[in-house]
Every structure is written in structure tokens, then in C-alpha cells.
Amino acid sequence: MKKLSFKRIIYLLHLWLGMLSGIVVFIVAITGCIYTFQTELRNVFESYQDVEVQNKPFLSPSELKEKSKQYVYASPSDSSNVIYGVTYAKLNRAATVAYNHYEDGYTLLVLNPYSGDYLGKQVLKNDFFRFVLSGHRNLWLPYPIGHQIVGWAVLIFVIVLITGIVLWIPKKWNKKSLEPRLTIKKKAGFFRFNYDLHNVLGIYVALIALVIALTGLTWSFEWYANSYYKVISGGKELNKWQVAQSDTTAVSSLENTADRLWEKVKVEYPIGQEGSFMFDFPNQKADAYRICFNSANDDTYYKRHFRFFDQYTLNELEGGGMYGIKYEDSSAGDKFYRMTYDIHVGAIGGFAGKLLVFLASLITASLPITGFILWWKKRHK
């Protein structure tokens with residue numbers, strides 16, 4: 001039996017693992033590419049969320065909740081709908097009231113934050129970008145099944161990327177050997193052109209694609225998320241997300257607790273001036289008030305700070321894991337971990353970072369196609 005060389009083993013791993021994960025990688029990459037600029041596209045196509053700045057404060061969460069009831073409970077069949085909370089953006093942007101519709105599911109009611117006037121509604125199950133995100137996360141399959149398929153396919157793709165980099169490395173690092181590996185021959189035949197698209201474009205995006213894949217895996221496997229955090233934090237245990245619970249045995253004479261909490265927090269945070277602010281109501285006996293302030297003015301989430309308050313006493317409760325601590329007070333490992341999503345989508349680098357991820361995802365989506373053509377050509381040579 002002929003002994004396989006190291007290069008041959010790497011090639012076979014690259015080929016067959018690439019064939020195994022190719023279709024999933026294409027779907028995940030192309031949907032990720034489309035989703036990259038979803039915020040910018042929403043701003044263009046959902047202009048109804050722009051409001052005129054007025055010289056008066058926003059309505060309180062309780063007032064906006066009350067204003068929303070005529071739309072949330074528009075018919076007797078809507079009685080089982082549940083209002084979750086209110087999110088405020090900047091002074092010139094609409095507020096949203098999140099609720100669960102008994103048929104449509106999670107829905108956002110878009111209101112003028114100054115008057116409570118109705119501006120629009122977003123049913124997320126019908127939202128285009130939610131459809132794209134569903135393909136990205138679980139291939140439009142039932143989540144427990146599709147999520148696992150995506151996770152294992154991306155993990156395999158990491159090996160494909162590493163083996164591809166190894167295969168690309170020339171024996172000698174000189175101009176003669178590097179030039180054909182770094183340039184696309186436009187006047188070559190189709191199959192040579194296809195080879196260059198796979199080999200040249202592949203190496204240009206390999207490291208970016210590797211970062212995207214490695215950060216994305218934190219949502220696929222708990223063991224991976226824990227290991228990822230240990231590496232970046234120097235061996236510490238991940239402070240996992242947890243939701244605080246109210247003390248149902250507490251006795252309190254407080255009334256209008258939502259308004260009392262609003263009066264307290266609106267002094268602490270520059271609501272409307274920067275970032276976004278979320279105020280969630282308790283709906284069950286053990287639920288707590290949950291607020292979240294994101295001080296970032298751009299499309300990033302690493303600065304989110306969650307706080308919880310007992311619905312009976314308004315005592316502050318411990319919860320939120322690492323997000324229950326201000327970003328500025330977090331450890332270096334926590335700060336980096338909190339940036340994982342923003343690194344994954346490129347938002348950490350602003351528009352330039354998003355553009356880089358967009359192009360890298362687009363090229364990544366092409367690699368299974370060009371790779372298959374290479375295999376087919378070689379097989380039928």
C-alpha cells in the first residue's frame with residue numbers, strides 16, 4: 001500500500017471535509033453576508049422610524065405601554081397577548097414596544113416616544129432579515145436540529161480553512177512562487193480562472209473567515225464558549241447569563257413601581273442622548289424589572305449593561321452574568337468576550353469592519369462552489 005505524504009493527507013482532508021460541509025457553509029456565509037448591513041438597510045427602508053425632535057421629554061414606559069394597548073389588544077382574541085417592554089433610541093428615532101401576539105409571535109410596535117402615536121408594526125416572523133438570520137443560525141430547520149448542523153459544519157470548516165492555508169504555502173518564498181498564488185490570471189481559461197478564484201481569493205480571506213468562524217462557534221456549543229472564554233481570560237470560568245428573580249414573599253406598600261423605577265433610572269442614564277435604553281416589565285409573580293443601557297452610538301452591543309429590580313420592593317438584584325457589570329468595570333477577558341458578536345459581524349470596526357466581513361463572507365460563500373468545480377474537473381480530466 002502506497003504511503004500517503006503529509007501534503008496528500010492535508011489535501012484529502014481539505015477536499016472531503018470541504019465537500020461534507022460545503023452546502024451548509026455556502027448558506028451560512030451568504031446569509032451572513034446579507035445580514036451584515038441590516039441596520040443600514042433598515043434605516044433606508046424603514047424611514048417611518050424617524051421622528052421630529054421635540055422640546056419635551058419622552059413618555060414613560062408605563063405611558064407608552066398604556067398607549068400601545070389599543071393596538072396590542074385590538075380585538076377580544078388578543079387578550080392572551082403579553083407586553084414585554086419598551087426600548088428607546090435617540091431623540092430623533094421611534095420607540096418600540098415589544099409584545100407577544102398569540103398568533104404572530106414576537107412583534108414590535110413602533111410609536112412616537114413623545115406622543116405615543118402609532119408609526120408602524122414589525123412582525124418578526126415575517127421580517128426579511130429575521131428570515132435571513134434563521135437561515136444563518138439553523139438553516140430554516142427546527143432550531144435544535146439546524147443549530148447543531150450549522151455548529152458542526154462550521155467546526156469542520158475551520159479545519160478546511162487551516163488545511164487550505166497549509167496547501168497554499170509555497171515551498172520557496174520568492175516572487176516566482178508567490179506571484180501566481182496572489183494574483184488572478186484574467187486571460188486564462190475558465191478552469192484556470194476558477195482555480196485562481198479558489199486559491200487566491202481563498203488565501204486573502206482565510207484569516208478573516210477563520211475569525212468569523214471561531215467567534216460564531218461560541219453560540220453553537222457551550223463547551224466551546226467555555227473553552228474560548230478560558231483562553232482569553234487566562235483560565236477563568238465564564239460568568240454565565242442569568243435572569244434575576246423577584247422575592248414573591250416580600251411585603252411592600254409601594255405603588256406604581258414602574259413609574260418609580262423610571263424616575264430613578266432616567267436620572268442615571270442619558271436616555272435619548274446616546275445609545276439605547278430598554279425597560280422590561282415583569283409579567284409573572286417571580287419576574288423582575290429588567291433594564292438595559294447600551295451607551296454605544298454605533299451598531300455594537302459590547303457595552304450593554306443589564307440591571308434587575310424586584311417588582312415588589314424595587315431593590316436591585318444580582319443578575320446578567322458578565323453583562324450585569326458595566327463594561328468599563330469589566331476584566332480584560334470579559335471585555336474581549338463581550339466584543340465577540342461585534343467582531344463576528346465586523347461592527348467593532350465600524351463601516352469599514354462591516355464591509356470587510358461582507359466581502360469575506362461573499363468570497364467564503366463562493367469557495368465551496370469553486371472547490372467543487374476544481375474537484376469535478378480533476379475527476380473528469
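Residue numbers start at 1 and run along the sequence shown. Treat the numbers as computed from the prediction; the structure is a model and nothing was measured.
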Any donor-acceptor N or O pair under 3.5 Å, side chains Y102, S77: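 Judged by distance alone, the side chains do pair up.
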D334 and Y229: side chain donor to acceptor below 3.5 Å: yes
Where at least one partner belongs to residues 254-263, residue pairs that pass side-chain hydrogen bond (donor to acceptor under 3.5 Å, both in side chains), sequence neighbours excluded: S62-D259, T257-Y289, E263-K266
Pairwise side-chain hydrogen bond (donor to acceptor under 3.5 Å, both in side chains) hits with a residue in residues 355-371, at least two apart: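 Residue pairs with at least one partner in residues 355-371: H198-T370.
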Main-chain N/O of R304 paired to R338 side chain as donor or acceptor, under 3.5 Å: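 Yes: the side chain of R338 pairs with the backbone of R304.
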T300 backbone acceptor or donor facing N294 side chain under 3.5 Å: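 Pair found, side chain donor or acceptor close to backbone of T300.
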Matching residue for N43 among Q38, R93, Q49 - test: side-chain hydrogen bond (donor to acceptor under 3.5 Å, both in side chains): R93
Salt bridge (Lys or Arg N to Asp or Glu O under 4.0 Å) between R307 and E268, intermediate numbers included: CA-CA 12 Å; R307 295 171 68 186; E268 298 182 31; 2.7 Å; yes
Residues in side-chain contact (heavy atoms from CB on, under 4.5 Å) contact with R181, at least two apart in sequence or another chain: W168, P170, N199
Taking only Lys NZ, Arg NE, NH1 and NH2, and the carboxylate oxygens of Asp or Glu, determine whether [X] and [Y] approach each other closer than 4.0 Å.
X    : Y    : value
D196 : R192 : yes
E316 : K264 : no
R42  : D127 : yes

Heavy-atom side-chain proximity of [X] to [Y] below 4.5 angstrom:
X    : Y    : result
N194 : K377 : no
V160 : L20  : no
F306 : R290 : yes

For the pair [X] and [Y], name the ring-plane relationship: parallel under 30°, tilted 30 to 60°, perpendicular over 60°.
X    : Y    : answer
F372 : W375 : tilted
Y228 : F336 : tilted
Y341 : W219 : perpendicular

From CA spacing to verdict: side-chain contact (heavy atoms from CB on, under 4.5 Å), M322, L238: CA-CA 8 Å; M322 69 173 62; L238 178 61; 3.3 Å; yes
Spacing of L109 atom CG and Y99 atom OH [to the nearest 0.5 Å]: 5.5 Å
E222 CD: over 12 foreign heavy atoms closer than 6.0 Å: no
CA sep, side-chain torsions, deciding dist, call: T313, D247, side-chain contact (heavy atoms from CB on, under 4.5 Å): CA-CA 9 Å; T313 64; D247 182 3; over 6 Å; no
F279 and F281 aromatic centres sub-6.0 Å: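 That pair passes the under 6.0 Å test.
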